[in-house]
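The block underneath contains the structure these notes are about, expressed in structure tokens.
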Amino acid sequence: MTDQEKIRQAVRLFLEGIGEDPEREGLKDTPERIARMCSELFGGMDEDAGVHLARTFSADKSEMVLEKDITFYSMCEHHALPFYGKAHIAYIPDGKVVGLSKLARTVEVFARRLQIQEQLTGQIADALMEYMQPKGAIVMLEAEHMCMTMRGIKKPGSRTVTVARRGLFEEDPALEERFFRMLGR
């Protein structure tokens with residue numbers, strides 16, 4: 001749970017630190033707005049992915065389930081700047097499937113934290129394995145990082161791609177290849 005008062009105080013100090021007047025008209029309500037924004041952007045800190053993945057349905061087949069192009073937004077823990085992109089998730093059921101919206105909700109749980117993309121990718125894959133217990137899972141994230149595009153190296157349009165494989169996807173290269181073909185890669 002975010003401490004709204006601490007955030008408001010920190011924003012006021014930040015504004016003073018960059019030479020601004022926190023009492024000027026355009027900034028007067030900024031500490032409050034940012035405090036509310038932080039509750040939204042970092043709400044995943046208080047969430048458990050297991051809540052979303054616990055409700056499953058019986059499935060006779062063990063064919064790959066793929067949900068692709070799940071938009072996500074997260075915040076880089078190194079610079080507190082956004083990174084955003086698409087998540088692609090596949091799993092091989094072992095007698096049970098989950099509602100498709102629950103995969104997107106799982107992405108949100110972990111994306112709404114100060115985070116690095118490499119860790120985010122693994123957390124999603126690990127949660128699928130832990131709570132759904134599929135035969136295998138694979139997660140691929142493609143993201144643009146504002147810490148690379150608006151500061152530092154300043155290379156807009158560059159994307160970082162991370163992949164986490166678990167279970168059968170680690171053991172069977174043909175299965176991983178099928179995943180990438182289904183993504184159109």
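Position 1 is the first residue of the sequence, and the numbers go up from there.
- The environment of M37 atom CE is dense: over 12 non-hydrogen atoms of other residues, nucleotides or ligands sit within 6.0 angstrom.
- Contact annotation: the side chain of R33 approaches that of T30 to within less than 4.5 Å [non-hydrogen atoms, C-beta and beyond].
- When all heavy atoms of S39 and Q4 are compared, the pair lying nearest together is OG-NE2, 2.6 Å.
- In terms of hydrophobic clustering, with Ile, Leu, Val, Met, Phe, Trp and Tyr side chains grouped at heavy-atom distances under 4.5 Å, V11 and F42 are assigned to a common cluster.
- Counting heavy atoms from C-beta on, the side chains of H88 and M182 never come closer than 4.5 Å.
- Here the side chains of T71 and Y84 are not in contact, with every heavy-atom distance at 4.5 Å or above.
- Residue I34 holds its CD1 atom at 11.5 Å from CG of D29, rounded to the nearest 0.5 Å.
- Shortest non-hydrogen contact noted between K135 and S62 is NZ-OG, 3.2 Å.
- The environment of CZ in F14 is sparse: at most 12 heavy-atom neighbours from other residues, nucleotides or ligands sit within 6.0 Å.
- The distance from the CD atom of E144 to the OG1 atom of T149 is 5.0 Å, given to the nearest 0.5 Å.
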With side-chain contact (heavy atoms from CB on, under 4.5 Å) as the criterion, how do M146 and C76 come out once you've worked through the C-alpha distance, each side chain's angles and the decisive distance to 0.1 Å? CA-CA 9 Å; M146 296 306 288; C76 167; over 6 Å; no
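- Rounding to the nearest 0.5 angstrom, the gap separating the CD atom in E176 from the CE atom in M140 is 10.5 Å.
- No side-chain donor-acceptor contact under 3.5 Å links R185 to the backbone of F180.
- No more than 12 heavy atoms of other residues, nucleotides or ligands lie within 6.0 Å of CZ in R55, so this atom counts as exposed by the packing criterion.
- The nearest pair of heavy atoms linking R166 to A125 is CG-CB, 3.8 Å.
- Residues I138 and V163 form a side-chain contact, since some pair of their non-hydrogen atoms from C-beta on lies under 4.5 Å apart.
- Atom OG1 of T121 and atom CG of D126 lie 10.5 Å apart (nearest 0.5 Å).
- Open room surrounds CG on D60; 12 or fewer heavy atoms of other groups in view lie less than 6.0 Å from it.
- Minimum heavy-atom separation, C38 to T2: O-CG2, 3.9 Å.
- A heavy-atom distance below 4.5 Å is found between the side chains of E40 and R112.
- Think of Y91 as one node in a network of Ile, Leu, Val, Met, Phe, Trp and Tyr side chains linked at under 4.5 Å; its network also takes in L53, F57, V65, I70, F72, F83, I89, V97, V98, L100, L103, V107, V109, F110, L120, I124, L128, Y131, M132, V139, L141.
- Atom CD in E47 sits 8.0 Å away from atom CZ in R113 (nearest 0.5 Å).
- Here CG of L175 is found 4.5 Å from CE of M64. Values are rounded to the nearest 0.5 Å.
- A side-chain donor-acceptor contact under 3.5 Å links R151 to the backbone of C147.
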Test salt bridge (Lys or Arg N to Asp or Glu O under 4.0 Å) on R105 and E67 and set out the steps. CA-CA 12 Å; R105 290 183 192 282; E67 186 166 346; over 6 Å; no
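- With contacts defined as side-chain heavy-atom distances shorter than 4.5 Å, the pair H145/H79 does not qualify.
- Checked options R12, E5, K6; the residue passing with Q9 is E5 (criterion: side-chain hydrogen bond (donor to acceptor under 3.5 Å, both in side chains)).
- Inter-residue side-chain proximity for M75 and P82 is flagged as met; some heavy-atom pair is nearer than 4.5 Å.
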Intermediate values then yes/no, side-chain contact (heavy atoms from CB on, under 4.5 Å), H52 and E108: CA-CA 11 Å; H52 302 295; E108 287 297 301; over 6 Å; no
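- Open room surrounds CE on M45; 12 or fewer heavy atoms of other groups in view lie less than 6.0 Å from it.
- Using a 4.5 Å heavy-atom cutoff, the side chains of F169 and I92 are in contact.
- Tested against T162, the residues Q119, E118, E142, Q117 include a single side-chain hydrogen bond (donor to acceptor under 3.5 Å, both in side chains) partner, Q117.
- Shortest non-hydrogen contact noted between A111 and S74 is O-OG, 2.6 Å.
- When atom types are taken as modelled, the side chain of D46 and the backbone of M1 share a donor-acceptor pair closer than 3.5 angstrom.
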